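To keep things clear, I will list the structure first and then write my remarks on it.
Predicted, not measured: the structure shown is a model, and the values here were computed from it.
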Amino acid sequence: MLTEKAIEGYKVYTERTISYARYRLGSTWHTAQISRKERMKDGRVAVYFPIIPQTTEEVTITTVQLYDKSGALWAEKAEDIKIESVQEGVLYRFTFDLHEDEEGT
């Protein structure tokens, strides 16, 4: 079984490795900078990035992704988030719950 020190090492590695985000509006991909990373009170690692479309039309966020420093895809999630005007945006949060469970419990 992993020790608490090992699990903490994975959390630190995750925080250091994630570099930028991408999101898809319709068929177009956009890159976003990570605005912050934090450790939540329950121990999860959270990664935040803003999605602010520069359009006057309604758009839908269909996919969000995180990439590491080498440009490799780290995480991906399908979404269906509608943004109705240029005045609106989204602060998106990925959370990672890094822990070990014993098999069968």
Closest heavy-atom contact between [X] and [Y]?
X: E38; Y: Y48; value: OE2-OH, 2.6 Å
X: L2; Y: A6; value: CD2-CB, 3.9 Å
X: L66; Y: L73; value: O-CD1, 3.6 Å
X: G26; Y: T62; value: O-OG1, 3.9 Å
X: V90; Y: I83; value: CG2-CD1, 3.7 Å

Between [atom1] on residue [X] and [atom2] on residue [Y], distance to nearest 0.5 Å:
X: W74; Y: F96; atom1: CH2; atom2: CZ; answer: 6.5 Å
X: I81; Y: Y92; atom1: CD1; atom2: OH; answer: 5.5 Å
X: D42; Y: H99; atom1: CG; atom2: NE2; answer: 11.0 Å
X: R93; Y: M40; atom1: CZ; atom2: CE; answer: 4.0 Å

- request: Let me see the working for I61 and L25 under side-chain contact (heavy atoms from CB on, under 4.5 Å), right down to the final yes or no.
  value: CA-CA 5 Å; I61 302 164; L25 300 174; 3.5 Å; yes

task: Go through the structure and list residues passing salt bridge (Lys or Arg N to Asp or Glu O under 4.0 Å) with D97, not counting sequence neighbours.
output: none

query: Considering residues at least two apart in sequence or located in another chain, which fulfil the side-chain hydrogen bond (donor to acceptor under 3.5 Å, both in side chains) criterion with S70?
result: D68

- request: Only counting residues at least two apart or in another chain, list the ones meeting side-chain hydrogen bond (donor to acceptor under 3.5 Å, both in side chains) with S35.
  value: none

message: Between Y67 and T31, is the side-chain contact (heavy atoms from CB on, under 4.5 Å) condition met? List the steps.
response: CA-CA 10 Å; Y67 286 81; T31 301; over 6 Å; no

- prompt: Tell me, do K11 and E8 make a side-chain contact under 4.5 Å, heavy atoms counted?
  reply: yes

- prompt: Do the side chains of V64 and F49 get nearer than 4.5 Å, heavy atoms only?
  reply: yes

message: Just to verify, what does H30 make a ring pair (Phe, Tyr, Trp, His ring centres under 6.0 Å) with, not counting sequence neighbours?
response: Y23

Identify every side-chain donor-acceptor pair in residues 13-20 under 3.5 Å, counting partners at least two apart or on other chains, and give the distances.
{"residue": "T14", "atom": "OG1", "partner": "Y10", "partner atom": "O", "Å": "2.9"}
{"residue": "E15", "atom": "OE1", "partner": "R39", "partner atom": "NH2", "Å": "3.1"}
{"residue": "E15", "atom": "OE2", "partner": "R39", "partner atom": "NE", "Å": "3.0"}
{"residue": "E15", "atom": "OE2", "partner": "R39", "partner atom": "NH2", "Å": "3.3"}
{"residue": "T17", "atom": "OG1", "partner": "Y13", "partner atom": "O", "Å": "2.7"}

- request: Can you run down the salt bridge (Lys or Arg N to Asp or Glu O under 4.0 Å) pairs that involve residues 71-82, sequence neighbours left out, and say none if there aren't any?
  value: K77-E79, D80-K82

